[in-house]
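Okay, structure first, notes after.
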There are 2 protein chains.
Amino acid sequence: MANLTQTETRVDTVAGMRSIYSFGGGKADGGRDDKALLGGKGANCAEMARIGLPVPAGFTITTAVCNDYLARFAQAPEQALADPASAFPDGLEQAIAESLAVLEEQEGRKFGDAKKPLLVSVRSGAQASMPGMMDTVLNLGLNPDTVQGLAEQGNPRFAYDSWRRFIQMFSDVVLGLPHGDFEEILEEIKDEQNVLEDSELDAEALQTLCDRYLELVAKTGTPFPQDPIAQLHAAIGAVFRSWSNTRAKTYRRLNNIPDNWGTAVTVQAMVFGNLGNDCATGVAFTRDPSTGENLPFGEYLINAQGEDVVAGIRTPRSLTIAGRKAIGSNEPALEEAMPEAFAELMRIRTLLEQHYKDMQDLEFTIQSGRLYMLQTRSGKRSVSAAIRIAAEMAGEGLISQDEALMRVEPESVRQILHPTLAPDSGETVELTRGLPASPGAASGIVVFSAAEAERLAPERAVILCRSETSPEDIQGMYVARGILTTRGGMTSHAAVVARGMGRPCVVGAGSLHIDEEQGVMTGGGQTIRAGDEITVDGTGGRILLGEAKMTEPNLGEEFTLLMQWADSRRRMKVRANAETPADCKTAIRFGAEGIGLCRTEHMFFQKERMLAMREVIVAQDETGRRAALAKLQPVQREDFAEIFRIMEGRPVTVRLLDPPLHEFLPRGAEEQATLAEALGISASELRGRVSRLTESNPMLGHRGCRLAMTYPEVYEMQLRALFEAAHLVAGEGVAVSVEVMIPLVAFDQELARLRQLSEAVAQEIAKQNSATADKVQYIVGTMIELPRAALCADTLAKQADFFSFGTNDLTQTALGLSRDDTGPFLPYYESSGVIPRDPFASLDLEGVGQLVKLGVERGRASRPDLKLGICGEHGGDPASVEFFDSVGLDYVSCSPFRLPIARLAAAQAQIRKDRKDRKDTDS
Amino acid sequence: MANLTQTETRVDTVAGMRSIYSFGGGKADGGRDDKALLGGKGANCAEMARIGLPVPAGFTITTAVCNDYLARFAQAPEQALADPASAFPDGLEQAIAESLAVLEEQEGRKFGDAKKPLLVSVRSGAQASMPGMMDTVLNLGLNPDTVQGLAEQGNPRFAYDSWRRFIQMFSDVVLGLPHGDFEEILEEIKDEQNVLEDSELDAEALQTLCDRYLELVAKTGTPFPQDPIAQLHAAIGAVFRSWSNTRAKTYRRLNNIPDNWGTAVTVQAMVFGNLGNDCATGVAFTRDPSTGENLPFGEYLINAQGEDVVAGIRTPRSLTIAGRKAIGSNEPALEEAMPEAFAELMRIRTLLEQHYKDMQDLEFTIQSGRLYMLQTRSGKRSVSAAIRIAAEMAGEGLISQDEALMRVEPESVRQILHPTLAPDSGETVELTRGLPASPGAASGIVVFSAAEAERLAPERAVILCRSETSPEDIQGMYVARGILTTRGGMTSHAAVVARGMGRPCVVGAGSLHIDEEQGVMTGGGQTIRAGDEITVDGTGGRILLGEAKMTEPNLGEEFTLLMQWADSRRRMKVRANAETPADCKTAIRFGAEGIGLCRTEHMFFQKERMLAMREVIVAQDETGRRAALAKLQPVQREDFAEIFRIMEGRPVTVRLLDPPLHEFLPRGAEEQATLAEALGISASELRGRVSRLTESNPMLGHRGCRLAMTYPEVYEMQLRALFEAAHLVAGEGVAVSVEVMIPLVAFDQELARLRQLSEAVAQEIAKQNSATADKVQYIVGTMIELPRAALCADTLAKQADFFSFGTNDLTQTALGLSRDDTGPFLPYYESSGVIPRDPFASLDLEGVGQLVKLGVERGRASRPDLKLGICGEHGGDPASVEFFDSVGLDYVSCSPFRLPIARLAAAQAQIRKDRKDRKDTDS
């Protein structure tokens, strides 16, 4: 908190800590680095004030006070609701009063003064951005006296409009009265006045509206509070409490935000975008948050308050002429309507981006032609935008290449690797168009509520269709594949949230009408019912009927550039888990430097091969097994040959047969009949054999190398196929690098004997292929996927050229947790905080991580040149990748689509290490 | 090898190591400490020679030569068979010739000399005693010339008897000709001579017999070798090779004897017990090997060679008058028949026991009234005898109490803890009596061959009934519950092996006749068929018809004494795994100092409780579960109360519900119908619920504390029952010490939350029972049974008052090995040497042991007063107990019947540690 020593106005302390920080008039107590204490809103207002931008003055109550308040509130909630300040920490009330006095002086207005009243906004603001999740009260300080004074200043309509907005918002947020009751009265008045729009109501009508609002509140038994100080205390308490509402909690869980951060409260002098037609309010991004293009982007509303833009009640206009043209609108852009204010905004845009060195999301209000900045923060952006902005800012010299790499969340890259609408999806009927709010495409069945989305999502892909979304819909948006709204703009709730989540989203498809109760959506001459299939094209802004054809994503040159930087930065190699020619090709396209896991059993899942494999398993003796294996050998040889041809000399790690046999056993009567016939035995005899092969815990049963120890002929066939393929391809002039991997090793004798078998077969095949004998290189290694293997890695390393950590099975065994059986408790463990994350998605560093570390240390101690890798699902998880880098693995192997994630995560791991090393050297 | 520097006759070296050690004439090159090199036979003959006992002179070829020979033999077996010395290491042939020359000089006879030939025995002898498993050749050096010379010395009958014995034995052992062919010729001659016994054949008849034997051998194409040196070389090779025969390998595997020890070969001058009626041969134990009583015990045969006694061909006589009377025999004892030789034997008995400080097993021959010692070794004995001898020798001051404790193999104690015949089993019909060769009693069905025993033993208890047993029967004896032979004495093969294995055994039940082919045994007016049930009383020497009533063993005062010594010597406490009142009582009788594992789910396996438990499991909601739990609570409370009453204040570790739910699920249609009715739902609905509860890998599924995390009401009921019981019993004035144990903990939050639940219930119940509130002490701890728990023991210890290592599940998870599914491969792993022992029987020290050690170290580091125990099956395995002592556990807990094993093993662990510490201090 470097700025604190420079401050002049030390306001007070609560429990030994300062509780309030003021800003305004080119000075501030805090700054951008104080987000933990002041929240994003408070810290950035302070920062903007410090660098001389036009920010309405105000003060921020810290997050520490929030936590203190929430604890006190929980002790006696009823008393705190009746007397808001009773739950304030000692001294806070006094501190608020002092800060308010400073604010009154700066603004030249007095809070509660009937002549020249000061109005304030009371806003939430946490360390991390949680858009729309917490509450805000605007226009606070109004009562029948002050509204009168405000009206007398020349604009009675504005005064009563503010007054009715305040009553409604305060009643909703602070008093907890139903929003709809106020809307009903508003509709009544509009009917009485025979007008359609709120803006058509004159001052008198608004005054009547306010009186009826007050009557409505009085019916609860407690009249609307008239004392502005009482209003302020109550609003501060309510905003603090909004940290703990359900949607905020859900958002935090989804975004890994700790519950104990708390929110700050910023009390700020009101400026008004609703004072007339020379007033406006809007939001702006310093670059396009959807594409990342270096152009200003944003929306505004004339004669409105900020909430109107975000809530999507009126469709806002584009900031720029280019923006207006892009969406085919004739409404004047701010650039046209208020060129001076626009120019000032553009100056500030450049200044803030240079200052923060990142794309900014701005809130502004124009009061009587003068621009005020209300907020700046790092702007949310689509993944493509994040990549383009990072790459371009590095190109502009604004940030370093390392910084660019750190700007992209590796996990998020997954979103752009997934399909978009195919160019030739022309046969599909286009229903309508809307705004392309979040890129990518998705097909699914239509649902009209978040609850329905949650209910159906586990089974079906769903598209959530709403008039507009609200924070209550967040869980439903999360589970949906795509989102469609009929109202709202590019910065509406739906658009912002969908981009954050990476869900394809089209907003403002105004030609559609949704009747949620009837479960129908009409428009474009069509009627869509719940359950009908549609496609959302969030890149093109189109809605199509039915399921459309998708295409692989065009990743763009910035992505390629960033990946090149990542590749040159990372120490760890990346490989893919793949066994089909298609997957191998995808792997190479996504940067695989080899195959880290070729699961040979996957090659048997095709129908005919499956039959032969089953014959192997249920054969009664070695002769029977060998006969069935003989059918598989040529097939498997051809599979291997094709992989070698595609991989062109990159190392291919072939894991010999691994899974529990039950995975191959025929369950259905028809399948059993086919197999019985193939084996020439009766169905009942087959049932007997199948039943004998059934295991209590197949995960821990007769599988992996244990199969080969008892039936060596199985691996013998695989090895023969493997080495024959290698020589075949080597004979075609293609380089071949084979890595034979023995799975599920627990004891060194298992590895020793199967290594011997591998070498014997390799030698035999080499002898038969003398022309290519010196062209086929191979090494033999083992999976480390049992705790014992990790613990005894020193012994195993004597028999192994490489280790590959099988972190899936290692997690299952170290935690005693069957991946197939976690349903009844693991989700609860995660949601209730027993574990931080699903250990199958992100490596359990505390437990399983220790085994990996031990395995690495002991393996290398016994064999310094041991090659080390990992081939579990965790190879594509950024946090896990960082850990693997830190323990010194040579490579990670993951599914082809996660390769870019792994490459970026590996680069980030290296950058973090270098930064830490530099820091350690410096200190 | 302290003696080697004192030797005078340095014979030679092979490959830099000395290959032959001589003994005789009061001198010897080696001694008792050289067993590894000279085998038991060679080392002890040398020792006896050194201390001046009458030992025929001879020399021993080392075990190192054996290994060298076997490797060379394997290279070119055919050549080695044709030219025996071709597989000898360089220099061995020469060394044998030199040693033979020394022997000829000492004996005053010449090998192969036609006038005064030297005859030798060629005997096997390994580091560990392997009685009857390897081969021996006697009377070697005879040929048509030398037999003539021997005959001319005055006893032609003896000469030809020796010659026919030699031809037969050499043909069998060295030439590999079928034994039966020679027996047939013998029978022919006996028919021709019209005699019944071999001993009735005169010299002439024996000469004819020898001629026919030689003809039989010649028919193979290779005549019987006449050159004594060629005979000697061939016999040495054959004895070496007998190390690798099947029965020797089996014996080694059963007795954990390494394959690479090899056998030595001792070539020794023959003395003859078959030279006339002033000659005899016999075996003696310095104390009774069956009871341990301090009385000489043994058998002899007049005018016979040693093999006749061991083979059980003639029923031998008792050495002592007391011994003769004990078995009701009128045949004169050696004490009566040859009092002078007997007195000399008694002198040597005392001398050897003092010298070796252990009970000895002696072989002797009396040639023309003069006693020769052929062997002394530590005598095999029954477990009761081992205990009595150890206790009494310590009482006599011959050995220390520590040494007495070390003399009893803990695992063997198991044998005497099992039942003997009940005194009131009078209703059973006694079939016959025989010699009580190995104590204890067993009932089972009759089988007449070892193969049949092996076939049926997995399903049924079998009693192996044979005329006599041979080394080929060893596996059948191992799997049988009891053994009966109709021939042979107390030192016959059957008797020696049965005592070693701890199988009840009656030998020499001569009134019975077995017709193996017909599958019947007749005698005592009864016909017993294969499959009929009988009872063998190895303590009383009786055979009963049918299954007899058994009684708990009378362990004897020496056992009690030894256990007291063990208790005062051990550091670790012992507890029992028990949950029924009967088991708790047994536990206390066997010395339990507490209950280390009370498996609460076992209390639910009774029919009515099972139904309630099933209702809990398939209940659809918490209400349903609570209703069913309410039925179980009073029952479980009474169970706990009864255990507390029996344990009288000893700590009781109660493990809350642990097993996979599937263990309780009803499988049968009838059971499902009952449950469906109890639940008031349809059978098909129940099937649906059961199917949803089915898990892929129940071992790794929703069990242990995971159940309680999702359904806390289950543990809540158990805790309530537990603490209510504790207060109830405390109110009765009985001390109570409760240890609540949470199973299957992987994450510290599981333990933290369930500890909290335990404390809440304990406090609540204490509040309701203020009178006993301060009398019920409790602590809360966890099982360490998952690798993660061991690795994160530091964190877990912060929430735990104690750890109990659940080594069963820890083995399953660390090795990825489901105990229920090891059938298809683990037995193979053990028999083929992939693993040294079944890791579920004896802890895998290399792997699982590391986790236990880590758990202990990290747990104690984080909480120095942490109580540490183990409650897996390994708590009763001596090798595992020693390990648990070494890592500093406070106690082991095992099944009640294994408690004495654990107590003794714990004492031995302490003694070994003290000895090692002393040795470390000394050096």
Side-chain angles (χ1 to χ4, degrees), chain A residues 660-662 692-704 706-707 709-710 744 746-750 752-753 785-792 795 809-826 828-829 832-835 839 844 846-851 854, chain B residues 660-662 692-704 706-707 709-710 744 746-750 752-753 785-792 795 809-826 828-829 832-835 839 844 846-851 854:
Chain A
L661 294 182
H662 82 113
R692 274 193 298 282
L693 286 167
T694 302
E695 297 182 300
S696 302
N697 298 287
M699 243 300 299
L700 310 177
H702 194 195
R703 53 173 285 236
R706 294 166 191 168
L707 286 172
M709 291 293 284
T710 45
L744 211 75
F747 305 104
D748 58 349
Q749 273 300 305
E750 291 169 329
R753 293 181 192 193
E785 52 187 335
L786 297 174
R788 190 186 198 277
L791 291 163
C792 300
T795 318
D809 277 4
L810 198 57
T811 299
Q812 294 199 87
T813 47
L815 275 55
L817 215 57
S818 163
R819 199 169 181 172
D820 297 331
D821 300 313
T822 53
F825 57 97
L826 208 65
Y828 167 77
Y829 272 31
S832 69
V834 174
I835 53 173
D844 162 40
E846 207 186 326
V848 182
Q850 283 197 54
L851 288 173
L854 273 177
Chain B
L661 295 181
H662 82 111
R692 276 194 297 283
L693 287 167
T694 302
E695 297 183 301
S696 302
N697 298 288
M699 242 302 299
L700 310 177
H702 194 197
R703 54 173 285 234
R706 295 167 190 168
L707 287 171
M709 293 293 284
T710 45
L744 211 75
F747 306 105
D748 58 348
Q749 274 300 304
E750 292 169 328
R753 294 181 191 194
E785 52 188 334
L786 297 174
R788 190 185 198 277
L791 291 163
C792 301
T795 319
D809 277 4
L810 198 56
T811 299
Q812 294 198 89
T813 47
L815 275 55
L817 213 58
S818 162
R819 201 173 176 167
D820 298 332
D821 301 313
T822 53
F825 57 98
L826 207 65
Y828 167 75
Y829 272 31
S832 69
V834 174
I835 53 173
D844 161 40
E846 206 186 328
V848 181
Q850 284 197 54
L851 289 172
L854 273 177

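Chain A is the first sequence line, chain B the second, and so forth, proteins listed ahead of strands; every chain is numbered from 1.
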Exercise. If you round to the nearest 0.5 Å, how far is CG of B:Leu817 from OG1 of A:Thr813?
Worked result: 11.5 Å
Problem set entry | Which portion of A:Ser832 sits near chain B, non-hydrogen atoms under 4.5 angstrom | both
Exercise. Chain B: which of A:Ala752, A:Gly704, A:Pro787 shares the most heavy-atom pairs with it under 4.5 Å?
Worked result: A:Pro787
For this session: Flag the one option from A:Thr795, A:Leu854, A:Asp809, A:Leu815 with the top tally of heavy-atom pairs under 4.5 Å to chain B.
Result: A:Leu815
Seminar exercise, completed: Per-residue tally against chain B (heavy atom, under 4.5 Å) across A:Ala746, A:Gly816, A:Gly847 peaks at A:Gly816
Exercise. What part of B:Ile835 is in contact with chain A, defined as an atom under 4.5 angstrom from a non-hydrogen atom: side chain, backbone, both or neither?
Worked result: side chain
Exercise. Which residue out of A:Ala790, A:Gly701, A:Ala814 racks up the most heavy-atom pairs below 4.5 Å with chain B?
Worked result: A:Ala814
Problem set entry | chain B interface, residue from A:Leu786, A:Thr710, A:Val834, A:Asp748 that has the most non-hydrogen pairs under 4.5 Å | A:Val834
Exercise. Considering only heavy atoms, which portion of A:Thr822 lies under 4.5 Å from any heavy atom of chain B: side chain, backbone, both, or neither?
Worked result: neither
Problem set entry | Residue selection (most heavy-atom pairs with chain B, distance under 4.5 Å) from A:Met699, A:Glu695, A:Arg706 | A:Arg706
For this session: Measure the CG-OG distance between B:Asn697 and A:Ser818 for me, rounded to the nearest 0.5 Å.
Result: 4.0 Å
For this session: For A:Pro698 and B:Ser696, work out which heavy atoms get closest and say how close.
Result: CD-O, 3.2 Å
Exercise. Between CZ of B:Arg788 and CD of A:Glu846, what distance do you get to the nearest 0.5 Å?
Worked result: 4.5 Å
For this session: Return the orientation label for the B:Phe825 and A:His702 ring planes: parallel under 30°, perpendicular over 60°, tilted otherwise.
Result: parallel
Exercise. Under a 4.5 Å heavy-atom cut-off, does chain B meet the side chain of A:Arg819, its backbone, both or neither?
Worked result: neither
Exercise. What is the minimum heavy-atom distance between B:Met709 and A:Tyr828, and which atoms define it?
Worked result: O-CE2, 3.6 Å
Exercise. Once you round to the nearest 0.5 Å, how far does SG of A:Cys792 lie from CG of B:Asp844?
Worked result: 6.5 Å
Exercise. How long is the span from the CG atom in B:Leu851 to the CG atom in A:Leu791, to the nearest 0.5 Å?
Worked result: 4.5 Å
Exercise. When you check the side-chain N and O atoms of B:Tyr829 and A:Gln749, is any donor under 3.5 Å from an acceptor?
Worked result: no
Exercise. Is it the side chain or the backbone of A:Gln850 that comes within 4.5 Å of chain B heavy atoms, both, or neither?
Worked result: side chain
